[in-house]
Q: 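Take this structure, written in C-alpha cells, and hold onto it; I'll ask about it next.
Since the structure is predicted, the reported quantities are computational estimates derived from the model, not experimental observations.
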Amino acid sequence: MGATLGVGMVGYAFMGAAHSQAWRTAGRFFDLPLAPELTALCGRDRSALATAAHRLGWRSVETDWTALLGRDDIALVDICSPGDTHADIAIAALDAGKHVLCEKPLANTVDEARAMAAAATKAAERGVRSMVGFSYRRVPAVALARRLVARGRIGEIRHVRASYQQDWIVDPEFPLVWRLRRESAGSGALGDIGAHIVDMAQYLTGDLLTGVCALTETFVPERPLPGSNTRGKVTVDDAALFLGRFAGGALASFEATRFATGRKNALRIELNGSRGSLAFDLESLNELRFYDGTEDAETAGFRRILVTEPTHPYAGAWWPPGHLLGYEHTFTHQVADLVADIAADRDPEPSFADGLRVQLVLDAVQRSAAANGTWHPVPEES
Ligand code: SOE
C-alpha cells in the first residue's frame, strides 16, 4: 500500500456530494501517487451530518471545522460550504499546514480573495498546496480547447462569447435560499455561474480581462423565507450581462442568468481567432467544435471532435473511445490533478491567485452595473 492522503471535507450538499464522489473514484481510474481517504466530514447539524457521512462514504464526522483542522489524520481540507465561510476556513487550514481545495467562487469579496491568495502563497513556501474548484477546466473538451489555443491553432484571439444560463429560480415562489442572499453568497448568478465563464475565458485565452461594462438585474426582489409564510428580500443579482476587453486585444461578451426559462445548465463558449474558431457547449460536453481557417475553403467547416480518444486530456483513464463522460468526471479529474501536484510538490491550477483574478472581474462587473454600465477597469494583481 502506498502513502495516503487524509481528506476532511466541510459541507455535504450538492457540491459536497460531487466532491465525495471524486475522492471515492479518482484512485480507481487514475494512477495516484497518494491514496485519498475520506477521513472526516464536517457540518453543523450532527444528525444530518451523520446521515450524509454514511451515504457519501466518510469514516467520521466533526461538527466544528476548527476541530477538523486540529486532526493529525487530515492532510487536506476540501471546502464545499457557502462562500461566506471560505476565507476563514481556507486561511486557518493553510496556516495549520493543510492543503486546501476550495469551491468557487474563491470568496465573496475581493478583500477575502486577496487574503486567501496571500495565505496560499505563504503556505506554498512550506510545501502546502491550494486549488480553487473551477471544475469545468477539467472537462476533456475544454482542456483540449486550451491545448489547441496554446498551440496557436486558432491564431490571435479576437472574440470570446460566453454564456451560462440556468432557470431554477424562474418561479417567484422559489424560496430565499442561501444562494440568493448577499451575506452568504456574495453575489447571485454573477458569482455562482458567471465566475465559471470568466475563469474559463481567462483560462482558454491564457489572457486576462482588463475592464468591463455591465448590467445586472434582480427580477424577483422578494421570495418566501424557507419554511415560513413571510417573504424576505433577494439581495443578489438574478442575471448579469457584461462586455469585456482582454489585455491581448480580444473583445468579449458574457451572460450569466438564472432566468433563461428552459435552460437548465447551459454553459456555452466560443472563441474566434485569426486562424480559426473553437466552440464548446456543456450540454454536449464530450464534443468540441473546431473551425480550422487554414483549410481549403471548399471543404472547410466546423468539425465536431468527439473528445474521447486516449490521446485527449483525461479520456484515456476511462472508457474506450465514444463511451461518454459526464458532469461528475470533472470533479474526479480535479482531484486526480490536485493529488498529483501535491505529491510532486508543484503548485496546482487554478490557484487561489487565479480565483482572485476572477473575483476582481466580478467586483468590476458589480461596480460597473451600479454605475449604469459605465466602463470599469479590472485592477492588475501581481
Ligand atoms: C449552481 O446552480 C451550480 O450548482 C453552480 O454552483 C455550480 O458551480 C455549477 O457547476 C452548476 O450550477
Side-chain angles (χ1 to χ4, degrees), residues 29-30 134-166 193-194 196-207 209 243-244 246 248-256 260 262-334 336-337 349-350:
F29 284 85
F30 291 83
F134 284 113
S135 53
Y136 294 142
R137 285 190 181 203
R138 269 122 183 145
V139 175
V142 174
L144 176 62
R146 171 63 201 145
R147 196 190 273 180
L148 295 177
V149 171
R151 285 186 189 154
R153 294 294 298 271
I154 65 166
E156 198 178 311
I157 297 171
R158 305 268 162 72
H159 285 293
V160 177
R161 217 165 287 112
S163 65
Y164 199 158
Q165 303 169 12
Q166 297 183 341
I193 53 179
H196 274 302
I197 46 177
V198 169
D199 179 68
M200 197 181 285
Q202 298 197 136
Y203 164 66
L204 288 179
T205 56
D207 198 2
L209 285 158
L243 301 177
F246 277 92
L251 296 182
S253 68
F254 296 88
E255 179 187 17
R263 299 289 177 205
K264 303 301 166 185
N265 198 38
L267 184 164
R268 295 186 186 134
I269 191 161
E270 178 163 314
L271 269 53
N272 308 127
S274 52
R275 288 161 55 92
S277 292
L278 286 163
F280 170 75
D281 179 347
L282 185 63
E283 290 183 338
S284 304
L285 65 76
N286 290 270
E287 299 171 13
L288 180 67
R289 309 264 158 182
F290 175 40
Y291 178 86
D292 184 346
T294 65
E295 279 179 19
D296 183 351
E298 198 165 65
T299 51
F302 271 94
R303 81 168 78 113
R304 166 184 168 269
I305 304 171
L306 191 59
V307 192
T308 56
E309 294 298 317
T311 48
H312 287 143
Y314 307 107
W318 298 97
W319 315 116
H323 296 69
L324 308 181
L325 301 187
Y327 175 73
E328 71 172 65
H329 296 91
T330 65
F331 297 95
T332 306
H333 302 161
Q334 180 169 274
D337 286 344
E349 284 182 359

Q: Using side-chain contact (heavy atoms from CB on, under 4.5 Å) as the criterion, point out the one residue from Leu204, Leu278, Thr205 that pairs with Arg146.
A: Leu204

Q: Between Glu270 and Arg268, is there a side-chain N and carboxylate O pair less than 4.0 Å apart?
A: no

Q: Are any non-hydrogen side-chain atoms of Tyr291 and Arg303 less than 4.5 angstrom apart?
A: no

Q: Below 4.0 angstrom, N of the basic side chain to O of the carboxylate: do Lys264 and Glu283 qualify?
A: no

Q: Is the His329 ring parallel, tilted or perpendicular to the Trp318 ring (thresholds 30°, 60°)?
A: perpendicular

Q: Does the plane of the ring in His333 sit parallel, tilted or perpendicular to the ring in Phe30? Use 30° and 60° as the thresholds.
A: perpendicular

Q: Can you list the residues that meet the side-chain contact (heavy atoms from CB on, under 4.5 Å) rule with Thr294, with sequence neighbours excluded?
A: Arg275, Asp292

Q: Got a second to check how far Leu267's CG is from Ile269's CD1, nearest 0.5 Å?
A: 7.0 Å

Q: Just how far is it from atom CG of Leu325 to atom CZ of Arg138, taken to the nearest 0.5 Å?
A: 15.0 Å

Q: Can you tell if the side chain of Ile305 reaches within under 4.5 Å of the side chain of His312, non-hydrogen atoms only?
A: yes

Q: So, Tyr136 versus Tyr203: side-chain donor-acceptor pair below 3.5 Å or not?
A: no

Q: Got Glu287 and Val307 here, is their nearest side-chain heavy-atom distance under 4.5 Å?
A: no

Q: Quick one: pull up CZ in Phe290 and CZ in Arg153 and give me the separation to the nearest 0.5 Å.
A: 4.0 Å

Q: Is it true that Ser277 and Asn272 share a donor-acceptor pair across their side chains at a distance under 3.5 Å?
A: yes

